[in-house]
There are 2 protein chains.
Amino acid sequence: MKTEEIRRSLVEKGLKVTPQRIAVLEAVTILNNHPSADHIIEYIRKTHPNVSTATVYKVLDALAENGLIKRVKTERDIMRYDAILDKHHHLYCSESDRIEDYSDEQLDQMLEDYFRRKDIPGFSIEDVKLQIIGKFRQT
Amino acid sequence: MKTEEIRRSLVEKGLKVTPQRIAVLEAVTILNNHPSADHIIEYIRKTHPNVSTATVYKVLDALAENGLIKRVKTERDIMRYDAILDKHHHLYCSESDRIEDYSDEQLDQMLEDYFRRKDIPGFSIEDVKLQIIGKFRQT
DNA sequence: AAACAAAAGAGAATGATTCTCTTTTAATAA
DNA sequence: TTATTAAAAGAGAATCATTCTCTTTTGTTT
């Protein structure tokens, strides 16, 4: 995601465009494996050596609350983030903390068809995502 | 889960049978909404007023590591637990921290069929679970 | 009953994240 | 361009869920 795109995204959400916000959103986009705050801070410190840890946490929170990034569901106490807002699923490594994206339109269509017909009593569905747990093979 | 069942489960896993372990496993089974450590501690304190917080964390960890309970994937930093080991999915409330179980064999079958034919390059699937995000309706 | 190692207890330590208060800054209006 | 305003950043402290450490207790086996 280019700086201009980021800038526009922030404006669209009514957020002020600050260098820190640009840097954080860029970092979440660029870093692999659904980065934690710690990794994002590390990355940003290269270009913004004085950025405050609290600021990064605040920026991540603002970005997530405004739908510019998403938090990823994990079992651990460290929160992780994802810049891809398009519909996709996650591959979770059963042996490490690696998480990868998985897109599959056919699967999405199948699930959509299924839940169009299938009612879950007392619950109205907004989104369906797969947690696909397994092992990454050496590549 | 009755005490006898719990006892047997622990023995099967080569774990010592302690009152604390029985109480914790029972609590995870009984409490709704995929309880956090805090809720479990609260509950247990009724029958074991002197149980140490550290012990509960240790027990939860031992139970999870030995496959007697599962950790639930959430976006928050507080870990949560699930006593149901049978194949099931989770309903996540988009507005609160409520999480409910959702079982659906037809869906499981459909997904199994799908991934029997569909290869994810570089990844071998062990399990597939749905995160179904939406709103619980008043009941 | 003795032995042994796992487990519990108690309190301290850890670290990811949030809070608090002040200063800075981005955006807007004039 | 300047002034204004409110959002945002900074800095360090505070919070709290969880883990650590060391000692004692306990469950299980012989």
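We name chains A, B, ... by the order of the sequence lines, and we start the count at 1 in each one. What you see below is based on every heavy atom in this structure, not just the backbone, and it leaves out hydrogens, waters and symmetry mates.
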*For B/R21 and for B/A54, find the nucleotide of DNA chain C with the closest heavy atom, then tell me which residue's nucleotide is more 5'.*
B/R21

_Nearest to side-chain heavy atoms of B/I78, which nucleotide of D/dT18, D/dA7, D/dG27_ = D/dT18

*Rounded to whole angstrom units, what separation is found between the NZ atom of B/K13 and the P atom of D/dT28?*
18 Å

*Just call it for A/A37: base, sugar-phosphate, or nothing, with non-hydrogen atoms closer than 4.0 Å on any strand.*
sugar-phosphate

*Flag yes if more than 12 heavy atoms outside B/H39 fall under 6.0 Å of its NE2 atom; otherwise flag no.*
no

_Salt bridge check, B/R7 against B/E4: does any charged N sit closer than 4.0 Å to a carboxylate O?_
yes

*Taking 4.0 angstrom as the limit, do A/D61 and A/R71 come out as a salt bridge?*
yes

_Could you go through B/K118 and A/L107, starting from their C-alpha distance and side-chain angles, then the distance that decides it, and tell me whether this counts as side-chain contact (heavy atoms from CB on, under 4.5 Å)?_
CA-CA 10 Å; B/K118 183 66 175 270; A/L107 177 61; over 6 Å; no

*At the 4.0 Å heavy-atom cut-off to chain A, mark where contacts on DNA chain C begin and end, going 5' to 3'.*
C/dA16 to C/dA27

*Taking the nucleotide of DNA chain D with the closest heavy atom to each, which residue, B/K58 or A/V59, is nearer the 5' end?*
A/V59

*Please indicate whether A/Q109 has more than 12 foreign heavy atoms, meaning atoms of other residues, nucleotides or ligands, lying under 6.0 Å from its CD.*
yes

*asked:* Students often get this wrong, so: under 4.0 angstrom with heavy atoms, is B/D61 touching a base, only sugar-phosphate, or nothing?
replied: nothing

*Which residue lies toward the 5' end of DNA chain D, B/Q20 or A/S52, if each is placed at its nearest nucleotide?*
A/S52

*Taking NE2 from A/H48 and C1' from D/dA8, how many angstroms apart are they, rounded to a whole number?*
14 Å

*Once you round it to whole Å, what is the distance between C1' of D/dA17 and CD of A/E75?*
17 Å

_Exam field: side chain B/N33 to backbone B/I99, donor-acceptor pair closer than 3.5 Å_ = yes

_Taking 4.0 Å as the cut-off, does a side-chain nitrogen or oxygen of B/Y57 come that near to OP1 or OP2 on D/dT19?_
no

*Would you indicate what B/D38 reaches in the nucleic acid, counting non-hydrogen atoms under 4.0 angstrom: base, sugar-phosphate, or nothing?*
nothing

*asked:* Tell me whether A/E42 is salt-bridged to A/R45, with the criterion being a basic N under 4.0 Å from an acidic carboxylate O.
replied: no

*Using a 4.0 Å heavy-atom cut-off across all strands, classify B/T55 as base, sugar-phosphate, or nothing.*
base

